[in-house]
Each structure stands twice: as structure tokens, then as C-alpha cells.
Amino acid sequence: MRIRNVGVLAGLLSFVSIVAACGSTGSSAGSGSSGSTLVVDSKFSFTSKDADPARGGVDFTAVPLFHAMYDTLLTFANNDYTKPVASLASSFTPSADDKTFTFKLRKDVTFSNGDPMTSADVVFSFLRLQNVKDTPSYLMAGVTSVTAPDTSTVVIKTASPDPALPFVLTNPAMAVTNAKQLQAHGGTDAQDGSKTDSATSWLGTASVGTGPYVLKSYSASAQVVLTANPHYWGPNKPHYKTVVYSAVDPDTQALNIRRGTNAVALDIPTTQASGMKSLHGLSVQLFSSPISLFLFMNSNPAISSTAANPDIQNAVRYGLDYTGLISLAGPGSARAAGIVPPGFLGALPQSDAIKTDLAKAKQYVQHSGIQNPTLQLHYQTGTSAIVQTLASRIQSGLAQVGITVTLTPQSAIVGLQDYRAGKDAMGLFNWAPDYPDPNDYLAFIPGGTVGLRAGWPASANPGLAAQAAAAASTTVDRDRGAKYVALQHELNLASPIYPLVFPGESIVSTSNLSGVQFSSVWYLDFSQIKNK
Amino acid sequence: MTALLEVRRLGVTARPDTAPVTIVEDVSFTMERGEVLGLAGESGSGKTMTALALMGILPAQSRATGEVRFADEDVLKLRGRALRQIQGRRIAMVFQDPSSALHPMLTIGRQMTEHMRHHLGIDRRDSEQRALDLLDQVRIPDPKAALKAFPHQFSGGMRQRIQIAIALACEPDVLIADEPTTALDVTIQAGVLRLLDGLRRDRGLAVLLITHDLAVLSALADRVVVMYAGRIVESCAVKELATGNRHPYTRALLSSLPRPDARGPALVPIGGTPPSPAARPPGCAFNPRCDFAVDACASAVPPLVEIGQGHHSACPLDPFADGGPR
Amino acid sequence: MTMAILSVRALKRARTRHPIAVFVIRRLLALVALALGISLVSFVLTHLVPGNPAVANLGQQASNDPAAVHAFEARYGLDKPLPEQYVIYVGHLLHGDLGVSEQTQRPVLTDMVSYAPPTAELALTAMFIAVVVGVGLGLSAALRHNGWLDRTVRIFTLVGVSIPIFWFALLALYIFYLRFGILPGVGRLAPTVQPPPTVTGFATIDSLLAGQWSTFVDAVSHLILPAVVLAAPVTSLITRFARAAVLEVLGNDYVNAARAKGLPTHTVLLRHVLRAALSSIITVAGLALANVLTGTVLVERIFSWPGIGQYAYNSAINLDLPSIMGATLFVAIVYTLTNLVVDVLYTVIDPRVRLA
Ligand SMILES: Nc1ncnc2c1ncn2[C@@H]1O[C@H](COP(=O)(O)OP(=O)(O)OP(=O)(O)O)[C@@H](O)[C@H]1O
Ligand SMILES: [Mg+2]
């Protein structure tokens, strides 16, 4: 019948129209990068809150942007995170008691709109950060005053000796912003800034820093476009006219990089990335992230008498299958010998890590007198794929020494809340460094932030608490390092918090690029990247 | 004189490629200008299928064989435009089920005029004027309003008459009317029959009248074809039907149908059920239900033979020869 | 008194003369009530989630700092009792104020205005593809009932609904982008392409309005893959429904009647067959739109498409209450309006349907 033929025709036509649509748009493939554009794929979800150094600033995926748009008083050079060096400040002098820090500013620095940078801008930026009381404001916690005796001098005073302050100052949130411009758009450094400051949404449209690049456009959850700062003061002018920081799902980053030029992908899973090493035209870097994954047992008997039992805690310490955990964490991962990441001042060498000793662990279990010890392991789903894998491995590993672990995965938000309230009997969580200094890891001492989450108050181990306090207030770097090494040795033996892994990360780039270099502070420095 | 429409050995097979089932087989008859041919038979005997085959609109997955000669062409071989020039224009059809034969979402006006405009090339105004006349002819009250109305606003009988009006719109030569009067009450029925009778007299319209209703048949038809299980079992002039029938099925059918005069013997339903086309009994398909069947009836299909002037029967026996057990 | 009588009369007159208009107005009024109801439900649900927005929004350090937590709660009114929070929210809502997003720091309404068009562009394209292909295939399959095309279509529709959209997206990207490079990868425009000035928010239309032909081509080529991926499961759905609907229609004598009139085939198919199947197709299209909107969450993520789906996802993981509420309301209103449109279309298409 004719009707049927026409029906087929209708179906075919609809196909053809689609195919034709495909064909007509032809060969516009590739990320379309040219010599003057660098495209960086990241899984970030950038929001204008993240564009404001005083409110965002700590989200790891947004850090490269801050680093490109804003400079800080001090910085690190040559991947040496043990010693802050001059940046916007040409020199700095701590007082003998490490409570007063005097910074001499460079006089040749201009903001991206051409305004010269002065001490007033620094004071404004730091006070604004302190007073908006938002995510990164804690960086200003111990600071009692920020003053400007003259246009090129800034003095910061702290309540107690703070040898870590120079390290803190390298944090992208400590960006120096153009006070005049910010004030014109609702920014304020006043005490009531948490209520009155309204510059954040404007900062999603423009950047007000001294960095090599400026914000050109920002489209949330799509891409951020930076252009070269024409007024950049530094010796190395930006190499690219445009940098596109593009929000791309990790799964599609691998496709993009394989078709791209001048392209960098930040989130390709390490197993996949190491498989890409053989691909022509790509260069793959694997390294361990400074974000530490650790396991803890709650020492508060009210939460779990089993978890709080010292023998059980020791049994876990020696019963964990550390080698197995590292290999599960994938290429690039590193064993956490201590809680401080490698490369930071006071980091432990791999050889100092606790070693698995099943016999010892079994003895501890026996000694505890607890029949069939059972623990609930809490962890967050959706944060990282390896967490689930590691949790299962912990479960099977501890089963070998007679400890039953039940897995309790929780959604990210819910899990975080119980953990922070110290309600989890056993938990698998991570710690991202706020600044590359061992002081940030005082969170792990008895009575520290994470210590309390593990039900481990200062009173539980006053000796360790005192040792930590001594390390914290030491002012000479060499001594600080030694003291933190000693402190971590003690923690490894006595703490209910067990550092496990620094998980692997990858950066895959097209091999025509040079200077693609992971940094544990700013992740990636766009201004270092060049075409070979 | 050649017949207006000649059907030769028409067969209809469903799913000929996968699971063939013969629905109509070896059906032959002719129709003259101005003649009314009755087509009778139990439900499922293939009357509608025969009609659809004549119209060239068999359902998908079925195929017609044989020949349907009309205007020097074989309708079964026509395709596309040539076929459409006959459909609706020269041969038109009124469908059996008035509740589904009109499109529920199109106005009566549109359904009455679309083929007129297509076939006759007349504009909207003329076609609507003609539609009004036709509606008036089939006694639809307020034809103007009816043009704008939708089928669900009419009773079954009115819908049937609207269908007749639609079928007559292009002044066809042949009208196939599948149970055109079943849904109508007696007065309206008479009107429709008068209308058809007038058309055949005045314009020489040939009507293939498919019906169960003996009264209708005897009032209008010239000749009758009786079908059983897809085959013709008997055909004769209408006046011979009541008295001179030869086939046991014809007789059984007659006694199972209500008679208009309400005299004579009471209704006798035919025992058993008609076979489905897929399970047609061998030999004479009627033999399992036939009171007179002999062994031979189940062995070969009895041919349709002429037993008198224009009278054909497919029963080699003549059970009523002696006056029979009437 | 007379006024009241007059207006009742006016209403009655309006009802008889413009039944559809009155119906639409009534439904729109109901929509306002519905929006309030939805706002209450989503408000209660989002606020009952055992998560703390301050914890989710402030980092590991700041969430320990009572001053920062307090500042955060004060900023978003979270320090007030729940019922009061709701009253304030509704008060603002009635003035068209959906609050300020915690993550973007912009009014939620502004966010909606910038995120809705990309989603609309993607969803409408996907719907267009799904309806054209689905109805075309469904019709062809029904006309060749049990033929090879019908069987192929049946297998494809089965596969179409059971393939995970995520997997399908990667497969499509792998083939058309990586392997053959016929189509671009993710995003709305190539990174180097300057977006056209925003008029409608549709990259395709805006680039045409601006006369930027190459941008238009780029926008269309970026639209194809995500739209096809998004369309795939609902195309199967529509195909199956259309096929069933057409099969049912074909069983009716009015199709035979149309063919018996000798009308051209396309007239029979379009005016008679499809017309009769249309109300089923519209029903399934409404259903499909809901599926498409759900699908955007995943597709937008994979294809880096800056739409409501991404916005809702990011809002949810950050427990950004005003944005979650805004996105929920938005989607609910779209659903309701879709239903309204479907209902109105029914009455337009099928004279037997009476407006209730
Ligand atoms: N599309 C089809 N495919 C296969 N068989 C069919 C089809 N349509 C009808 N049939 C079968 O063909 C046979 C003849 O049907 P038909 O409609 O011609 O009977 P009829 O004589 O018109 O009966 P009624 O008096 O009930 O209208 C029936 O057994 C029916 O089941
Ligand atoms: Mg019939």
C-alpha cells in the first residue's frame, strides 16, 4: 500500500534532517585553542562567591584562578614550600617574639587598571577579609591589627607568637585587592562587613588584583575567561592573551585533551591518566595531592567504648593494610608517613611510617578483652571514588585481626555534620591544607580541631598537647621542622588518628606546553605555562 | 453489453508472507449499471473484506488476488493516482460501523467536502453548497449547523446518513453499502432506501448492498449473493431467494433472520458457530453445521454450478428437491 | 450588589464565549496557589534535610568559628525560627523576590533568568528532535505493523530507554568528537568564540540576531550532541506511544473511509491518522518534557552546559537553600504550565473533550 511507503519516508526524512544538520556544521571540532589561548579543563563549579578572595578563596579548584588574578605579599619559589619569599612585599621582618611583622612593599606594582598599589590597599584587603567573617576569614584569626605607617609599609600584629603568619600570607585568600575600586562597588573593611559588604557579586564580573591575568568573563558552571593584564608589574609578562578555565566533567576531560592543543586537564583519574602516557602528543604528570586521607577512632567512650579502647586503637594502628591501601589509591598516591604532606616543613620521610604488624594487632585485640569488637566506619560518598574503595579495604584488612567493621556511607553534607560534631565512632575523612605550614596540622593534636572530632581533648594526652604547643611557638625554622618531626613520631604511636594516603592526582597536558607544574599551594600557575 | 463491475475469482489472504490465512476465496460476480446486488452471510463470512478489496483499501498485511474489472481496468492492479481517481470518485463506500466511520475530530463539513474538492476541483463555497443539498437529501435537520458540527453530536442513524451523503458526494457509479440501514429506524430506513432506489433509477447507480436484513434485500436488490466462510455458496435473483433456494446454508440463514411479515416459522438459529478463516473445515466449509451433510461433503470443496437461469449453488445435493423438510 | 451580578453575568458570558480563556485564567490562578504549596513543601523538605548550610558553605575551618557561622546565618536569615523564615520567604516571593543565592551571591531570580535559557534551548531542541523522530518512526512502524522496520524500531526503542544516558553521552562524545571530530565536544560555544550579546539567552538565536554566522554555526554544532543524547530516551518513549496510538487509530473505519475517498496519502496520514493520534502524542510529549528536564541535570553536567540542571545540582551539593527553592519552584511551574498547555491542546484537538 502507498500509505506504508510514505510512512517509511516520513521516518527516513526525520533521520535525514538530523544527519544533514550534523553534516552542515562540519569540521569545527577541537577545543579551538590557538597560539594565543590556553584552555584548562577543571571539574570546578566556579561561583562569584569563589571570585571574591575574601569569601571563596579556599576551594582548591578555584585556587589557580586566584593565583592568576591576584598576588600576595609573600609567595614560594621553585616548589620550596618551607620558606616564603618576597612577592608584593620586597622584604619582611618578624619581631623577635614573632608577634609583629613589618612588610616593605614594592613601589613598582600597579593594579590591573593602572592604579599603583599602596599599603592602604593591603590594609583594606586584610581587614575586609577579617570582617566579612566568611569561609577564609579564619586566616586572620590571630591578627590583632593591620596598619600602614607609610604608603609602602604594612605592619601586622598578632595576639600570640605566630611563626606561621608568613606561610599564611601566601594563601590566595590573602590577595591584595584594589581598595578604591572595591569600595566603589560596595566593598568595605568596616567591622560590620559581614552585614554591609556587597562587592562579591561585582567581583564575578571583574578582578581587582595585581596578577598576570584579569577576569574577562565568568559564566558559572561553564567557564572563566582570563585575559593578560596589560599593567602586569612582574618580570615575566603573561604568555597567552587568553586563558580559558573551563568547567568540564572528569570523564570528558580525557576526550578534550586528546583533541586539543594548548590544553591542560586537571581531573583525569590517575589510572586513566597513566594509561594516557603512551599517547602521542600528551604529557602526563602524576603526583600525590597534599590533601591527606586519614582514619580516626573516637576516643570518647560515650560514642563507642570499643573505639575508645586503647588496645583496640593500637590493634587498628598495626592491623591496617597500609601497602594494600596505597596500591588501591592508584598511581601517584603516596603513603602518609605522618599527617604533614611531603614537601612541607616538618614532613616525615616514608621510612618513618607505621608498619603493618598483624601479630601485634591480634595481641592487642586479645589484650583488650573485648569479644568480637565491632566498629562503624563513617565516610562521605560522592566526594571521591577512592574513599569507598579504601573503606572496603579497611574493612577486609581489619577482619584479619578479628575486628568487624561495618560500613556507613553518608551523603557529603550529612556526613560532614556528624563528623564535625564528633559523633562518629570511626571515620575516614580528609584534610586539605589551608596554608603550607605544619602549624595547620595542629588540628590533629589532642584538643585540636580534628582531635576533638575524634573525641580526643587536650586533657586526654597533656604531654602531647604541650609538645605541640612548643612546636607551634618555635620561631626558628630549623627547630620548628625538627619539633614537628618529633611530634609526628609521637602522634603516630599514640594518636587515634591514622594518616593513610595522599591520593594520587594527575595533570595531563598537550606536550607542546612547558611549565605545566603542579603546586600544592596554587595547584597550577598559568603564568608559567608557555608554548615550547 | 459488458458489465459495469466484474469481480473474477477474487481472493483475499491475510499475512501472505508470514502466516497466510485465506479470508475470501474464489468470489466472482458482476454488477450492471442501475443494479442492486445484495451480499448476505453470517458475521465473519468475508463480506466487508470483499468490499474493501473492491475499494482497493485492504488492511496492511493482506493481499488480494483475482481481478476486479471496472472501466476497462483491474482495480486490484491500480496504484497511486490512478487508483485514487476511482476511489471515492467512481466507487464509493459506506462503512458498517457508524460510530467509527466518521473522523471524531473533523467537522462534518470538512469530511463532506474534502474529497469533493479533491476530485471535482470545486472551491469551498460550491462544495459546501453541494454538501448542504446532500445533507438535505439524507434528511439531516439544519444542514447548515451540521456542517460545523462534529460526529459525536449526532445519533448513530444520523451518522449513517451523513456517511451516505459523503459517499454520494462525487456522484459515484458504484456504491458499496456495508449494512447501511441497520442503525436506522423504519421510517428513516425507508427514506434511505427510496433515495438509493431513486439514484439507481435516475443515474444508473449500481449498489452492492451488504446486509442481513431480508426485508431490505427483497425491497431493493435485484440479485443476491450468499457467502459463507469466504466463499459464495449461492447466488440467485432476489425473487428466487425465498422460494427457490438450493443451498442448506442459504435456507438456514433465511430461517435465522427476522422476517418483516412476522409470519411463518419461528426463528431458528443456525447451530454451531461459523469457522474462523484460519480453521476452515475441509470440503464444504458448512458441512460440520449442515443437517444434510454426507461424507463426500468433507472431502472436496463443491464448486459453484449453475443450476438454473442465473442461479448458482455450491451444494451438489439437492436436499429440498422433493419440497424438503421446510 | 449590581456589580456582583454584573460580574457574574460577565463571567457567564465569557464562559460561554471564550471557554478556553476562562479555563486558562482559572488554571493560572490555581497555579499561584500551587506555587505557594510547592514553596511550602520544598521549604519544609530542604530545611528538614539533616545538613547544615553553614557547614556545607563554610570550609573546614570557618564552620568551627561561631562568629563566621553566626554571620552566615544572619546573612541568610537562618537564625530565625523556621515558621518565621517561611513567612519572610513567602512575603518576598509574593513580590517576585526569591532571595539571594548563597553560591552566586546574586538574586536567585537573576540566576534563573541567566540559567533558564540554556536549559530551554537544550530541552526544546531535544524535544523537537524527539517529537519529529519519535512520531516519524512511530508512524512508520505502525504502518508497517510487524514488518522489518517495526521490529527494528521496537528493538531500538527498547535499547533507547534502557541505555544509561551517561554512558550514551560518553559514547556519543567518543564517536563524534574524539574519533571522527565531526562535532565539537562539551560546552555551549568553543572556548575561543566570543558569545553573542544576550537578547533571548539562546546562543543560536542571539548569534543570528547579532548577524554572527560563524558563532551561530558553532552554537548549533555544540547543541547537537547534548540535544540528541537528551532526546534519545524520550524519542524511544514517544516512538512507542506514537506507534501504539497510530495502530489504534488505524483500526478505525474512519481511516478506511478517508482512504476510500481517494484522498492523497499525505492527507490521509496527516489530516486523518496523525490528527486522531495527536492527543496521545501530546500526552506523551508532556511526559517526555518532564523526562527531558530531569535528564538535563546529568546531560548538562557531562556537556558543561550552564543551565538550570547544573545550577540545581550545584545548589544541592552546597545546600544553597534559596537556590534550591528557586530551582524547585521553577521546575514545578514549568511542569504545571506544561500540563496546562497539554490540557488546552486536548480541547483544541478533540472536540469531544469538555473543559472542566
Ligand atoms: N486485518 C485482518 N487480518 C486478518 N483477518 C482479518 C482482518 N480483518 C478481518 N479479518 C477476518 O476476516 C474474516 C472476514 O471478516 P469480515 O469483516 O469481512 O466479515 P463480515 O462478513 O463483514 O462480518 P460482519 O457481518 O460481522 O461484518 C473474519 O473472520 C475476520 O476475523
Ligand atoms: Mg462486515
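Quick note on labels: first sequence line is chain A, next is B, and so on, each numbered from 1.
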Inset, instruction - Would you mind checking which part of B:Ile176 comes under 4.5 Å of any heavy atom in chain C, side chain (CB onward), backbone (N, CA, C, O), both or neither? - result: neither
Legend entry - Heavy-atom contact with chain C under 4.5 Å, split by part of B:Leu102: backbone
Inset, instruction - Output yes when a side-chain donor or acceptor of B:Ser100 lies under 3.5 Å from a complementary backbone atom of C:Asp253, and no otherwise. - result: yes
Might you point out which heavy atoms bring [X] and [Y] nearest each other, and give the distance in Å?
{"X": "B:Ala101", "Y": "C:Ala257", "value": "O-CB, 3.6 Å"}
{"X": "C:Asn256", "Y": "B:Ile57", "value": "O-CD1, 3.6 Å"}
{"X": "B:Met55", "Y": "C:Ala260", "value": "CE-O, 3.5 Å"}
{"X": "C:Pro351", "Y": "B:Phe150", "value": "CG-CD2, 3.2 Å"}

Could you grab the distance from atom [atom1] of [X] to atom [atom2] of [Y], nearest 0.5 Å is fine?
{"X": "B:His119", "Y": "C:Leu263", "atom1": "NE2", "atom2": "CG", "result": "6.5 Å"}
{"X": "C:His272", "Y": "B:Met105", "atom1": "NE2", "atom2": "CE", "result": "12.5 Å"}
{"X": "B:Glu114", "Y": "C:Thr267", "atom1": "CD", "atom2": "OG1", "result": "7.5 Å"}

Within a 6.0 Å radius of atom [atom1] on [X], are there more than 12 heavy atoms belonging to other residues, nucleotides or ligands?
{"X": "B:Phe29", "atom1": "CZ", "result": "yes"}
{"X": "B:Arg124", "atom1": "CZ", "result": "no"}
{"X": "C:Arg154", "atom1": "CZ", "result": "yes"}
{"X": "C:Arg27", "atom1": "CZ", "result": "yes"}
{"X": "C:Tyr346", "atom1": "OH", "result": "yes"}

Inset, instruction - With C:Lys261 as reference, evaluate B:Met116, B:Gln111, B:His118, B:Arg84 under the side chain to side chain contact (heavy atoms under 4.5 Å, CB included) test and give the passing residue. - result: B:Gln111
Legend entry - Partner chain C: residue of B:Ala92, B:Pro172, B:Pro104 with the largest heavy-atom pair count (under 4.5 Å): B:Pro104
